[in-house]
Amino acid sequence: MSANTPTVTGLERDAQQAMGDHKVHPNEIAIGVVIGRASEYFDFFVFGIACVLVFPKVFFPFVDPLKGTLYAFSIFALAFIARPVGTVLFMAIDRRHGRSVKLTTALFLLGGSTAAVSFLPRYDSIGISAVYILAGLRILQGLALGGAWDGLASLLAMNAPRERRGWYAMIPQLGAPLGFMVASALFAFFLVNLDEADFIDWGWRFPFYCAFTINVVALFARLRLVATDEFARMMDLDRLRPVPALELFRHHAGDVVRGAFVPLAAFALFHLVTIFPIAWLALNSTTRSPGEFLIVQFSGAIVCAGAVAASGLIADQIGRRNCLIMSSSLIAFFALGSIIAPLLFGESAIGQTIYVTIGFMLLGLAYGQTAGAVSARLGNHYRYTGAALTSDFAWLIGAGFAPLVALFLSQRYGLAMIGVYLLSGAVCSLVALFTDRSELRQM
């Protein structure tokens with residue numbers, strides 16, 4: 001790529017020289033994608049788990065536990081609102097300074113804002129200012145996550161053999177269960193080995209503090225690919241360029257909106273089997289500790305990772321669209337079961353384990369193909385920016401407010417409402433899939 005190409009600047013060339021140049025193998029892209037996604041999900045899951053186990057006591061001690069958790073979930077949602085804004089801002093950095101500069105800035109901001117939470121004083125020390133600072137750091141997390149989109153997933157999918165596109169599309173999605181496994185294991189360790197006073201005093205801060213180190217490791221794993229001439233040539237060949245958001249919406253507004261609804265079933269289920277169950281148990285259960293339940297969820301995340309891999313094999317056999325229809329339909333039946341028999345997730349430890357395991361399995365089957373779903377309808381020229389913004393809006397609609405809405409509905413109207421909420425997401429996905437006329441039909 002020539003020096004006068006718009007995306008190559010002095011800073012970009014410095015990054016390329018620092019990282020050296022080597023031939024980029026598809027396996028390297030796959031590893032870089034998984035490491036990057038796992039670090040991002042780790043940051044978000046750490047915050048989400050803390051919204052249940054820590055923040056109501058540390059930042060909202062002036063209200064009852066239920067209101068404190070609802071307030072914490074409101075702050076949790078701020079990142080999903082900020083994420084598309086971050087995508088637009090960092091795409092501008094990408095166009096002006098290059099992808100390496102964009103990625104470095106975003107990941108340092110993501111890791112720094114997450115790690116900064118570990119140093120926050122409690123409400124008892126500085127009052128409501130602690131809440132405002134927490135909200136500000138959460139917004140920075142969202143902005144940074146929007147900027148962390150590196151194009152590796154799109155590049156991996158576009159260079160995959162046609163008969164194995166489903167398999168390669170699922171690889172980036174493995175980052176979600178891996179990130180949750182690390183986050184849940186860290187919290188479970190401190191919950192099990194510390195008394196409550198020590199955990200609330202300092203134990204909860206350690207997972208946040210680890211975030212910066214994890215993000216630095218992820219940064220170098222991704223820069224090793226992004227900051228090479230070979231990667232730049234591959235991106236140029238596939239025309240994966242950051243385009244202005246207005247240009248994208250002028251040509252593909254309908255595709256972005258439709259693409260945001262295709263994975264809604266998976267995204268609605270996402271936090272209903274990860275964050276929400278911990279909140280329900282913390283507020284209502286007298287038979288099971290959160291630390292013990294996090295270990296159960298850790299096992300569920302292993303099942304999820306296996307189901308993500310299975311989705312790739314299934315999609316290559318029956319097509320991505322059929323795989324998504326199948327998984328969304330299964331989630332709809334799961335939601336109906338939750339409406340008919342909400343006590344499955346009551347005080348029964350066996351029922352809770354069954355609910356979480358089945359939920360994680362269905363999540364893996366559905367989530368495994370969502371990356372391909374949100375970008376299959378976009379041409380190469382708009383795929384880089386379009387896939388990022390479509391994913392942002394899908395997360396905002398499907399998952400950003402899920403823990404808040406689910407907890408409010410379940411406390412006000414009972415656990416059956418969780419099934420209703422999840423069913424609405426599954427119906428939206430099925431409607432979007434059956435009305436879709438893009439190339440996803442042939443995939």
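We use all heavy atoms of the structure for the numbers below, so side chains are in, but hydrogens, waters and symmetry mates are not. Being a predicted model, the structure only gives us computed values, none of them experimental. For reference, positions follow the sequence shown, starting with 1.
Between W149 and F90, a ring centre-to-centre spacing not shorter than 6.0 Å is recorded. Ring-centre distance between W395 and F267: below the 6.0 Å cut-off. Separation of the F334 and Y355 ring centroids falls under the 6.0 Å cut-off.
Between the side chain of H271 and the backbone N or O of A399 there is at least one donor-acceptor pair closer than 3.5 Å. The backbone N or O of A197 lies less than 3.5 Å from no partner atom in the side chain of D201, so there is not a single donor-acceptor pair. A side-chain donor-acceptor contact under 3.5 Å links S39 to the backbone of G36. Between the side chain of S328 and the backbone N or O of A265, no donor-acceptor pair lies under 3.5 Å. In this structure, the side chain of S327 engages the main chain of L324 through a donor-acceptor pair within 3.5 Å. Judged by distance alone, the side chain of T357 and the main-chain N or O of G300 form no donor-acceptor pair under 3.5 Å.
Stacking of R138 on the aromatic ring of F76 is recorded, both the 6.0 Å distance cut-off and the 45° axial limit being met.
Not counting sequence neighbours, the partners of F59 by the ring pair (Phe, Tyr, Trp, His ring centres under 6.0 Å) test are F55. With sequence neighbours excluded, no residue forms a ring pair (Phe, Tyr, Trp, His ring centres under 6.0 Å) with F408.
In this structure, CZ in R37 is found 6.0 Å from CD in Q173, a value given to the nearest 0.5 Å. The distance from atom CG of L103 to atom CG of D94, rounded to the nearest 0.5 Å, is 9.5 Å.
F393 and F249 have tilted rings, their planes meeting at an angle from 30° to 60° on a 0 to 90° scale.
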